[in-house]
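Encoded as C-alpha cells, the structure appears first; notes follow it.
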Amino acid sequence: MPAFFRDTPRAIARVLVAVAFAATGACAATRNRSPAQAAPAAAFRGTIALDVDLTDMRRRIVAVRERMPVQHAGRTVLFYPQWDAASHAPSISAHRLAGLAVSADGVALTWRRDPARVHAFEIDVPAGAKELEARFQYLAPLGHEASATVFDGFIGLSWNRVLVYPDGWPARQIPVQATITLPEGMSAATTLQGGREGSAVRFAPVSLDRLIDSPVFASRHVQTRAIAGGAAPVRAQWIAVDAASVERAAEFDRPLRAVVDEVGALFGPSPFAHYDFLFGLDDRLPGPGGIEHADSGEVFLPTDFLAHRDAAVPWIDVIPHEFIHAWNGLWRVPADMATATPNEPATGTLLWLYEGQTEFWSRIVAARAGLRSVQQTLDALALDAAVVHSRAGRRWKSLADSSNDPLIQSGRADWRDWQRREDYYVEGVLFWLDIDARLRRCSDGAKGLDDFAAAFFSAANREHGERYRSYTERDVVATLGGLCAADWSAILHRKLDAHDDEGVLDGLAAHGWRLVFRDTPSAYFRLAEAADGVRDLTWSIGLTITPSGQVKSVAWNGAAFAAGIVPGARVKTIDGAPFTPEALDQAIASRMRLRMGITFDGGEFAADIDARTGHRYPHLERIPGAPETLSALLARRSGDADLASR
C-alpha cells in the first residue's frame with residue numbers, strides 16, 4: 001500500500017481492513033523453500049467451519065462461531081492473529097476479541113491465556129473429542145474512527161480479525177470454509193468464490209492463508225465490471241452506500257484496462273489466476289489509500305471519486321501501486337517476511353524494494369497508463385524530490401534503518417521529516433530512478449529498470465502450486481549484475497546507509513532534470529494541497545496549515561520551527577489582522593518578517609517568522625545540454641497510445 005500523501009501514515013489505512021500475511025503458499029522448488037514453509041509432522045485433518053455474523057451494525061459487534069476438527073487430545077493452543085503483513089508489524093490487537101468461549105463436543109472447556117503471548121489461548125482437549133467450537137465477538141470501534149470496520153451501510157471484513165486457528169500447522173495447510181451473514185439489502189464483493197443463501201454468503205473452502213489474504217467488502221450497491229479477459233481475468237468491483245456513487249463506473253474501464261496492460265507489459269505473466277480491484281467509495285474510509293493482496297487489491301476512495309476524477313490526480317497512483325504488489329510483494333516475497341503463520345515475527349529489511357520500487361513503478365505506470373499526464377508526473381516527481389532532499393532526519397537515520405519503522409512507530413509522526421516515518425516510499429522513488437539511470441549508463445542505453453522488473457518479478461517460470469517465491473538482497477544484486485556488471489551491493493548500500501543529502505537527486509540529474517524552486521506553484525501542487533486540505537508552505541516558512549489556521553506539520557529547523565511553532569497550534573492572526581490563507585500568502589509574498597498570533601495547549605503567544613525567502617514551490621527544470629531520458633521511461637509500453645484520459 002503506498003504513502004498516498006507524503007505526510008499521511010499508511011498505517012491508518014491498514015487498520016481498517018488489514019491485509020492477510022503475504023507469505024501465501026509454498027514454493028514447489030526446493031531451492032526456494034524457506035524454514036517457514038517446512039511441513040508439519042502430520043497433515044491437518046478436516047476443514048474448519050467459520051461463521052461470521054455481521055448483522056449487528058448499530059452496535060458494531062461481529063459475532064463469530066468457529067468449529068474445528070480435533071487433531072489430538074491434550075494441550076492445544078489456539079492463536080488469534082497478531083502480525084499484519086500490510087503494516088509489516090504485529091499491529092492486530094487482541095483487545096477487540098471478547099467473550100471467548102471454547103467447548104469440545106458441546107462440553108465447555110477452560111482456556112488460559114499465555115501471559116507471554118497474549119494472542120495464544122491454551123486448552124486441554126479431552127480424549128475422544130471430535131470437534132472444538134470457539135465463539136467470540138469482534139468489537140469494531142464505535143464512531144467513525146479510522147480503525148472502524150463497520151459503518152452504517154458499509155462493511156470491510158478482514159478475516160484475520162475474526163478467527164482463531166490451532167498451532168502446529170502452516171496456514172497454507174489449514175482448510176477453512178467461511179460463511180458470512182449480512183444485513184438485509186447488502187451485497188458482498190470479494191475475490192473469493194461463493195454463493196448467496198438468503199442473507200448468508202457461503203464461500204468455497206480455501207486455505208487459511210488464502211482466506212486471510214482475501215478481504216470482503218459489503219454495501220448496498222456493488223457494481224462489477226470486467227476489465228481484462230484471457231487466462232488471468234481482471235475485474236473491478238465498485239462498492240458504495242449510494243447508487244449515484246457507482247453509476248459512472250463504466251467510464252473508468254478504459255483507464256483501468258490501461259493500468260492492467262501496462263503492468264503486464266512491465267512484469268510479464270500474471271502470478272494470479274484472477275484478480276479483483278475492490279474499490280470502496282466512502283468518505284469514512286481512511287483514504288485515499290489501499291492494501292495489497294495476491295488476488296485482489298483494496299483501494300479506498302472518496303464517495304464522489306468517479307464524478308470528480310480530476311481531484312484524484314495527486315494520489316491516483318494508489319491504484320497501480322496495489323496492483324503491482326501482486327508481483328512485487330505477494331509473488332516475490334522478501335525472505336524475512338515469508339512467515340508461515342500470522343503470529344510469527346517478521347522483519348522488513350527489504351522494504352526499500354517491496355514498497356520503494358512499487359512506489360517508483362506506481363509513478364511510472366500512472367503516466368504510461370494515462371492516469372496522469374507527463375507534465376503532471378514531472379510535477380509529482382518534483383514534489384517527491386523536494387520532500388526527499390529536505391528530509392532532515394537523514395542526518396541521524398539512514399534509509400536502511402527506516403525499513404524498521406513499522407516495528408518502531410505506530411500512529412502519526414509529529415515531526416515527520418526528523419523522525420523519518422517509512423521513507424522507503426517517497427525516497428524509494430528517487431532511489432530507483434537513480435538505479436534505472438545507472439543501468440542505462442553502464443549498458444549504453446540497452447538496459448533499464450524495466451529489464452530488472454521483467455527478470456526479477458515475472459511469474460513465467462512459476463511451478464504448479466507455487467504461491468510465492470522468496471528472495472534476499474543477494475538475489476537483487478545478482479539480477480542487477482546480470483543486466484550490467486557493477487558492484488551493485490556497494491552502490492545500493494551507499495544509498496541505503498547514507499547520512500547526508502549527497503546523491504539523493506542523482507537519478508533526476510542523470511535523466512536530464514534538476515529540482516528548482518519558483519514563487520508560483522504548479523497546477524499539480526495546488527491539487528496536492530487541496531487533497532491534503534492544507535496550504536503547503538514547507539519550503540518557504542516551513543509549515544503546512546489548514547484553511548482554518550491549524551498547523552498540520554512543521555519542518556524541522558525551518559523558519560516556523562525556529563519561531564517555536566508546533567504541529568497542532570492554531571494561527572489566529574497575521575500581523576495583527578485575522579488569519580486567512582490569503583492574508584498569509586500575501587505576507588509571505590512581501591518577503592519580510594511576519595508576526596503570527598498563535599494559540600496552543602491553552603495558551604497564546606506571538607511568533608515572529610522570517611519570510612524573506614518568499615514563496616518557494618518545487619518544479620523540475622531541464623539541465624541544459626544533458627541527455628533527457630525521463631520521456632522514454634514514461635512512454636507507454638503496451639498497445640493503444642490514444643488514451644482519452646491523457
Side-chain angles (χ1 to χ4, degrees), residues 1-2 4-5 8-19 52 54-62 86 138 140-159 161-162 180 182-191 201 214-225 235-252 256 276-293 296-316 318-319 321-322 530-533:
M1 168 171 223
F4 34 87
F5 296 128
T8 304
R10 185 181 178 211
I12 293 176
R14 297 180 187 128
V15 178
L16 172 70
V17 195
V19 72
V52 180
L54 297 158
T55 58
D56 193 350
M57 294 194 68
R58 175 169 295 177
R59 294 181 297 190
R60 302 182 187 181
I61 298 173
V62 180
Y138 173 73
L142 298 173
H144 295 161
E145 301 177 18
S147 59
T149 56
V150 181
F151 299 129
D152 178 27
F154 194 101
I155 292 171
L157 175 63
S158 296
W159 297 102
R161 264 64 171 178
V162 294
I180 60 172
L182 294 172
E184 185 177 354
M186 294 184 68
S187 300
T190 180
T191 196
V201 182
S214 305
V216 178
F217 279 173
S219 196
R220 299 190 186 102
H221 299 278
V222 176
Q223 185 175 146
T224 301
R225 308 283 310 170
R235 300 185 303 180
Q237 300 196 59
W238 299 88
I239 306 103
V241 173
D242 299 313
S245 298
V246 299
E247 66 183 5
R248 299 178 66 174
E251 297 175 13
F252 204 64
L256 202 55
D276 284 272
F277 288 99
L278 303 175
F279 293 116
L281 301 177
D282 199 305
D283 292 332
R284 296 168 296 182
L285 294 171
I291 298 173
E292 69 270 18
H293 303 279
S296 62
E298 301 170 67
V299 182
F300 317 132
L301 301 170
T303 302
D304 63 354
F305 164 73
L306 290 169
H308 297 92
R309 281 166 44 194
D310 287 347
V313 167
W315 46 262
I316 194 69
V318 67
I319 295 173
H321 184 108
E322 303 310 333
D532 210 14

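Everything numeric here is computed off the predicted structure, so don't read it as measured data.
Under the salt bridge (charged side-chain N to carboxylate O under 4.0 Å, His left out) criterion, Asp304 pairs with no residue, sequence neighbours left out. Ser245 meets the side-chain hydrogen bond (donor to acceptor under 3.5 Å, both in side chains) test with no other residue; sequence neighbours excluded. For the side-chain hydrogen bond (donor to acceptor under 3.5 Å, both in side chains) test, no residue two or more places apart in sequence or in another chain qualifies with Thr190. Under the side-chain hydrogen bond (donor to acceptor under 3.5 Å, both in side chains) criterion, Gln223 pairs with no residue at all, not counting sequence neighbours. When the side-chain hydrogen bond (donor to acceptor under 3.5 Å, both in side chains) test is applied to Thr224, no partner is found at least two apart in sequence or on another chain.
Pro141 and Arg60 get closest at one heavy-atom pair: O-CD, 3.5 Å. Ala236 and Leu256 make their closest contact through CB-CD2, 3.6 Å (heavy atoms, listed as atom of the first residue, atom of the second, distance). Across Leu285 and Gly280, no two heavy atoms sit closer than the pair CD1-O, 3.4 Å. Across Met57 and Pro183, no two heavy atoms sit closer than the pair SD-CG, 3.3 Å. Met186 and Ala218 get closest at one heavy-atom pair: CE-O, 3.3 Å.
Between the CG atom in Asp310 and the CD1 atom in Ile316 there is a gap of 10.0 Å [rounded to 0.5 Å]. Between the CD1 atom of Ile239 and the CD atom of Glu298 there is a distance of 9.0 Å, given to the nearest 0.5 Å. A distance of 14.0 Å separates CZ of Phe300 from CG of Asp283, quoted to the nearest 0.5 Å. Atom-to-atom distance recorded for Gln237:CD and Ser219:OG is 12.5 Å, nearest 0.5 angstrom. How far OG of Ser187 is from CD1 of Ile155: 11.0 Å, rounded to the nearest 0.5 Å. Taken from CG in Asp276 to NE2 in His293, the straight-line distance is 11.5 Å, to the nearest 0.5 Å.
The salt bridge (Lys or Arg N to Asp or Glu O under 4.0 Å) analysis of residues 238-250, with sequence neighbours excluded, yields the pairs Arg248-Glu251.
Phe217 has its side chain out of reach of Val222: every pair of non-hydrogen atoms, C-beta onward, lies at least 4.5 Å apart. Inter-residue side-chain proximity for Ile180 and Trp159 is flagged as met; some heavy-atom pair is nearer than 4.5 Å. Here the side chains of Asp532 and Trp315 are not in contact, with every heavy-atom distance at 4.5 Å or above. The shortest side-chain heavy-atom distance between His221 and Leu281 does not fall under the 4.5 Å cut-off. Two residues are said to be in side-chain contact when any heavy atoms from C-beta on lie closer than 4.5 Å; Val241 and Phe151 fail this criterion.
Taking the six-membered ring where tryptophan is involved, the planes of Trp238 and Phe279 are essentially parallel, since the angle between them stays under 30° and well short of 60°.
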**OP:** Take Arg225 and Phe252, measure what side chain to side chain contact (heavy atoms under 4.5 Å, CB included) needs, and give me the verdict at the end.
**Re:** CA-CA 10 Å; Arg225 308 283 310 170; Phe252 204 64; over 6 Å; no
